[in-house]
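Okay, so here's the structure we're looking at.
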Amino acid sequence: MSMFSSFTKVAAGFLMSASIVAAAVPAIAADYTKDNPMKVALVLHGTLGDKSFFDDAAEGMKAAEADLPVSVKIIELGYDRSKWEAGLADAADSGYDVIIAGTFDMTGYITELSPQYPDVKFIDFDDTPDFSKCECKNVLGVQYTTAAAGYLAGYAAAKISKSGTLGTILGMEFPTVTDFKTGFDQGAKAANPNVNILNAVAGAFNDPAKGKEIALAQINQGADVVFPIAGGTGIGSLQAVKDSGKLAVGVDSDQATIFAGSDPAQAEVIFTSVLKKVGNSLHQALKATIDGTAPYGTRQLLGIKDNAVGIAKNQWYEKLVPADVRAEVDAIEQKIISGEIVVATDMK
Amino acid sequence: MMDIFLTVFSATFFVTIIRTTTPLLLATLGGLVADLSGALNVALEGMMLIGCLTAVIVSVYAPWYVAVLAGLGVGGLLGAMMAFFAYRLKADIILVGFAVNILAAGGTVFALALATGGDKGTSINLQSQAIPAVDLSFLSAIPGIGPILTAFLSGHSVLSWLAAFLVFAVWYFLFRTPWGLWLRGVGEYPGAPEAAGIPVAKVRTWSLVVSGALAGLGGAQLAMFNYVGFTRDMTAGRGFIALGAVLLGARHPVGALLAALLFGTFEAFAVVLPGLFNWMPAELIRMIPFVVTIAALVLFSIRAQRALAMRGVK
Amino acid sequence: MALLEAIGIGKTYPGGVVANDGVNLVIEPGEVHAVVGENGAGKSTLMKILFGIEQPNAGRLVLDGKDVSFAGPRAAIDAGIGMVFQHFSLVPSFAVYENVVMGSEPRQGIRFDRKRAIAEVQALSDKFRLKVDPLPPVSSLPVGQQQRVEILKALYRNARILILDEPTAVLAPQEVQELFVAIRSLVAQGKTVIFIAHKLPEVLEISDRITVMRQGKTVGQVKSSEVTEKSLAALMVGREVTLRVDRKPTDQSKRVAEVRGLRVVNARGTEVVAGLDLNVHAGEIVGLVGVEGNGQAETLEAIAGLKPIAAGDITLSGEAINGLPVLDRRGRGLASIPEDRISEGLATGATVAENLVSTKLTDRRFVRSGLLDLKAIRDNATKLIAEHSIRVGGPGYTVGTLSGGNMQKVVVARELSEQPKLLLVNQPTRGVDLGATQFIWRTITDARDKGAAVLLSSADLSELLALSDRLLVLYRGRLVAAFLNTPDLTPETLGTYMLGLSTQTAEDMKPALR
Amino acid sequence: MSNVPAIDKSIRFKAFRQEVTRSVGALVIALAVTTVIVFLTSKAPLDALTQLFTAPAAKTRTIGLWVDDIAKLTLTGLAFSLVFQARQFAMGVQGQVYIGAIAASFVVLSPIGTTPFGLAAGVLAAMAAGAFYGFLPGIAKAKLGANEIVSSLMLNYIAIELCNFLVRTSLPLPQAGVLTTVDFPEQSVLPALVANTRIDLGLIFAIVAVLVVWFALYRTSWGLKLRLVGHNARFAEYSGIKSTFIMVSAMTASGALGGLLGAVFVQGQTWGKLTVQFEGGLAFEGILVAIVARSRPLAVPIVAIFYAYLRQGASLMNVRTDVPAEVIGVVTAIIILLVSSSFSVNFVSKLFRRAPAAAAVQSAAK
């Protein structure tokens, strides 16, 4: 009994301190210092360790903590959808200044919660609320035109493909996923009008064995460059590419670099990755928040020129992609930035 | 249409089927041993999953065969735990089985996080190893059929060969050794072996241990060959499909092999079909094994009823 | 020196039931030693202790002059003790030889040497003249053969001492004689036999010495040659008991039930009832005689509606009831006391009150518009508990807490709480003590006296002879003989027909087929 | 499952006390294990434990989550209790939840949904669909002898995939490719009982369901028949009870409860729309609730109260501290193992006792 009551005391203490902090949320951005940092929660509707999307966001938080007066708590809600809303609400209720959550899975909850917590700022990355329909003055939507980066990777892939057959593997079909492919297909066709692009939908983001089988099937059907856009499922596809000695395009983060330490052979086949620089963009958004320049209440659509998307130009890119192709890719990149080439996108 | 034929009759597709079948077959054999000893092992799923994780983690620090043995061992251990609760503490074995599954679903993620220093999704931070494939490319030296033999027989996992051997071994054990006689006797009418001085509790316990070990071996194959590494819930219902395969296979090792092959083929189809039939929704393809299990269950039961009816019993 | 001695054995079960309390038993080598006592006297517990299934709380076992203790059957078997249970411990789908050698298989490396097993079983069967074929699955064998498979099992394990637990209960008189021949041949070849029974004539015939048990204690050891059936019975129950029921003369003119051309086929496709005709009249008890498994149980189940029939007609009070479900048949006045009360006659996990109304859930007294009248159900139970003197704490106790006799009383109370037109009874007193037996016999006879037509099947010929007005003998699902129950009808006469050794002509049967 | 007499009060009390002692014992052991795990894994174990034990009751919002879980766990616990009482090990509640939710979604997203009958129509459609889905393995078992455990498990997977498929292809979505339908019309959403919490009409449904199931089991002849079938199907058959009918009707009724839970999920304040994988495995946790409650309907909500607290505590501990929510899976497994076994509070002595010898022979030799 005594043990229990001591718990209650601790809890009461915790709650009290939390409410004091909540009451003392400073309105003026300049107040934040290293000793009185802006309190940020990165709420992931999943877990860390996906080696792409969520991990990249977490990397961005680390970078932000290094050079900004922020303290970040990463909250992993897991894969039980019925707990996501509750988890986000709990974060909003726990005295954070900024809550970061991503994708359309969380947008609805952000839309509902933001009017209830007007003093808390919300960053909705990789999706956006419909600002015409909601009272979301404290929400910042951050979206990425990944099609443009996909275009670059598709161009390079078609150029280095010997068979003229490419494979794409989607985890599921929704715009943030298909946008990669939309750009990739355009780029590939631009490089080689006769290119044959195989496509498969795995139906899951967490079935690597299946991702591996699908990639093997595509390779068997002639594909020599595979582009999995499928989270954990895609990790399996990369393994198939490694085993078959073909080439792959990574997704979201620089996957070759991620594998370099634990599995160098895996890194050797990923000639580039289509980067959705989530971490980088969030880092920027936090900086802008502290500066007071972040356009809350609107959506930001970030592209190549914002350094929010792109392809990884690392040592493997240098090694596996011939210099002339690299030069062409750089030229195209400039044309996209200048608007000379317009890449169709699924992001509206 | 041509595409399908080419794909289906290709050596690669055959190799794919063997690969998808192997973990299923091992788990099915495990389910069979438990079933014949009188216990429906609904924990195959959980045992496989824990087998996956154990094999992956051990393979980081030890040679692949030690990791495979670890997967097998942990499965056996879980079987012993089930036996303890079911036979010693008289818990219902179905409920114990589900407890193991729940333990596996949460426990593997938890243990993975501990092993990787925080990753709850995949084990790619761990340098886990693969089970080697058996290279029979020397067969292509045989004139004529050599290349075909190589295409079909080379490149399978060591455990695929082992699984094929285990079909025979389990059959031999069940129907040609005294212990197989004991096990089947215990499953059919425990009073008889008990009266003959056979330690029934021990036979049952060992059956579950073997059952778990085979499921764990299936897990090792899944996490060290089909895909090298662990991700949460990576068994994705294979343990339950194996349970269906036991019933479908008429509780016989050869039947188990055929049933596992059937489901393995469906799984392989599910991989190949989207490449060929983009119109076919992935969800419906994924339903196939479950629908087939139910259909098989119903057909088998209808056949059993018909057989009775033919003999004049309504 | 005694071969096997049990000294001061005590056994108390976890529930507090004292099964053995200072039991002493001395078995001499080469004798047939009977252990007799009422049901519940503790015979079975003692045998389980001798065979290592139970461990005693007190006392010791001495074998060949040395103290022994058996941790399990295996240890007892290794010490040369074999046991044949009343309910056989055979795996139905296994062949005879597999059942015999299971647990002590001849091996060749890790392989089970089946050829040697078959040969050895054949040799053993020949040596002791048991006439058992090693190859067929035991489920295809008649009961007497199955019993010999059990004996072979013990002999195969080199049993020096063979314990037979009520071996004659399931056998026809002629089969009993064959068994006794086999037992004598065993003794002649140096084996010792412990024989548990409660049928005293058989005991006196086969045994050399007899140990009598009563209420968990041994009350005496006697030489068979020095006692009579009567003195032995007195020793067993502690008082003089006569198991006799008086039956009133009744009006037996009204035909209540008719069965015509009944055919029943079992799950394996064998015909178990083959064109049976019979009638039962109000106020009479018709006994179905036969070795178990000759169609009696199936006949009763078919009439009750529990087993589908392949052909034939069944009428009750002139109306065909062939296709009717169980409940409708019951509604027309059919009641049934099944063979196995625990697996069929009761829900042991449910309360006494619930068990007592389970067959009356369409009765408006207990159920109205689908709702239970709990008070009526409880009152019904209280009344029946008193009427049948069921020993139970109250209507709310679960049936599983009762003794076998009291469980059977619950069944009887439920089935006879209303006067049935047709009462089907199968093995009403199996495993029930003498007191309860008497009570159950009385109750059945009362139902008859009040005008019920009763169809009775029992493995106990003395029960059939004590209760029946007419006796019909079944052999392989056919009617082979019919008798009016007269004082000169003997078990041996019935036995001839039970084993199919002879068949009455239609003319012979006629007087007893009304 | 239940061997408690419905009539005699003193015995019922005694058995009740025994059960409570056992359940509490299991809970204490499971919590002790949790504490050990937390101390081993957490950098701030006291904080984690504080969250686990106090957080659910600390705020209106969290109390709302707790009560919502109670309602849902009660419904799934009842659904499992019904089939367990009939001695069927059907595991199909999860599938029924999905099928029910799908049916409710189709109804409320049709024009009916915006009428005043939308709410009721959705709930009834869900119950009917769930009942049908429960009926399937029941009839397959009754008519063909198809193993209900396996068939119901397979039906679960099929229902989940069907939900994924229909959400993606056949139902109106807010934007293409999103795995969630548009919000249901207001008329079809269960109204909140306490504003701004998840406590909604589902709680009332759960309470009514408890009473209805209790009444059906202990006060109707159907219930008595069902329990008799559960105790001994052969005996029930012999008594003239159509055990197959009772079995199938029990599984169908359980299916209706599962379907109702589906409607409470998607039409409730939690979602108010259909989404893939909306139940997060809660349906299966009804097994635990039913086991600990020994399948007795009145005990189900009591168990649900405790378990829901633990469940929410774990998820808040996960959100606020460094201990992952998966710990609760371990705790759940331990509770199931301990409560379903003949474990007693003097567990340790039992661990070292010899195995009870030769139970099989005793039954063979009876």
Side-chain angles (χ1 to χ4, degrees), chain B residues 35-38 87-90 92 165-166 168-207 210 250-253 301-314, chain C residues 48 51-53 70-79 81-85 87-95 97-114 117 138-139 149-150 153-154 156-157 263-272 307-311:
Chain B
D35 197 35
L36 285 177
S37 81
Y87 301 137
R88 194 79 170 265
L89 296 183
K90 305 281 165 232
D92 190 289
F165 168 74
L166 279 174
F168 171 76
V170 167
W171 169 82
Y172 189 89
F173 170 80
L174 287 174
F175 297 99
R176 287 293 178 271
T177 71
W179 308 289
L181 192 74
W182 296 9
L183 188 148
R184 289 182 294 127
V186 166
E188 183 172 339
Y189 184 59
E194 176 94 58
I198 291 167
V200 169
K202 237 182 230 170
V203 172
R204 284 180 160 156
T205 303
W206 276 108
S207 308
V210 170
R251 312 173 85 209
H252 192 278
S301 314
I302 288 177
R303 242 182 48 185
Q305 300 263 315
R306 281 239 182 93
L308 285 182
M310 268 170 60
R311 297 199 198 100
V313 184
K314 267 169 254 166
Chain C
K48 285 179 188 167
F51 194 54
I53 297 172
F70 302 136
R74 187 82 235 176
I77 291 167
D78 292 344
I81 298 175
M83 179 147 178
V84 175
F85 291 100
H87 288 244
F88 304 141
S89 312
L90 300 171
V91 182
S93 75
F94 283 13
Y97 77 93
E98 288 178 318
N99 269 295
V100 170
V101 302
M102 186 165 60
S104 321
E105 301 84 355
R107 296 177 189 184
Q108 196 180 62
I110 61 157
R111 203 167 65 92
F112 167 29
D113 190 342
R114 298 200 289 180
V138 292
S139 56
V149 175
E150 284 282 8
K153 260 168 79 175
Y156 184 81
R157 288 162 178 74
R263 271 188 74 230
V264 178
V265 179
N266 73 6
R268 248 180 275 113
T270 347
E271 193 171 53
V272 283
K307 208 168 202 101
I309 63 174

At a 4.5 Å cut-off on heavy atoms, which part of [X] comes close to chain B: side chain, backbone, both, or neither?
{"X": "C:Arg263", "answer": "neither"}
{"X": "C:Leu90", "answer": "backbone"}
{"X": "C:Ser93", "answer": "both"}

Would you indicate whether the side-chain heavy atoms of [Y] and [X] approach each other to under 4.5 Å?
{"X": "B:Arg184", "Y": "C:Glu98", "result": "yes"}
{"X": "B:Trp182", "Y": "C:Met102", "result": "yes"}
{"X": "C:Val91", "Y": "B:Pro193", "result": "yes"}

Shortest non-hydrogen contact from C:Phe85 to B:Ala195?
CE1-CB, 3.7 Å
Determine the minimum heavy-atom distance between B:Ala192 and C:Ser89, stating which atoms define it.
CB-O, 3.1 Å
Taken in chain and number order and not counting sequence neighbours, the residues that satisfy side chain to side chain donor-acceptor pair (under 3.5 Å) with C:Arg107 are none
Only counting residues at least two apart or in another chain, list the ones meeting side-chain contact (heavy atoms from CB on, under 4.5 Å) with C:Pro92.
B:Glu188, B:Tyr189, C:Ser139
Out of curiosity, C:Ile110 CD1 to B:Arg176 CZ, how far, rounded to the nearest 0.5 Å?
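Atom-to-atom, C:Ile110:CD1 and B:Arg176:CZ are 12.5 Å apart.
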Honestly, the part of B:Phe173 sitting under 4.5 Å from a heavy atom of chain C is neither
List the steps, then state whether side-chain contact (heavy atoms from CB on, under 4.5 Å) holds for C:Arg111 with B:Thr177.
CA-CA 5 Å; C:Arg111 203 167 65 92; B:Thr177 71; 5.8 Å; no
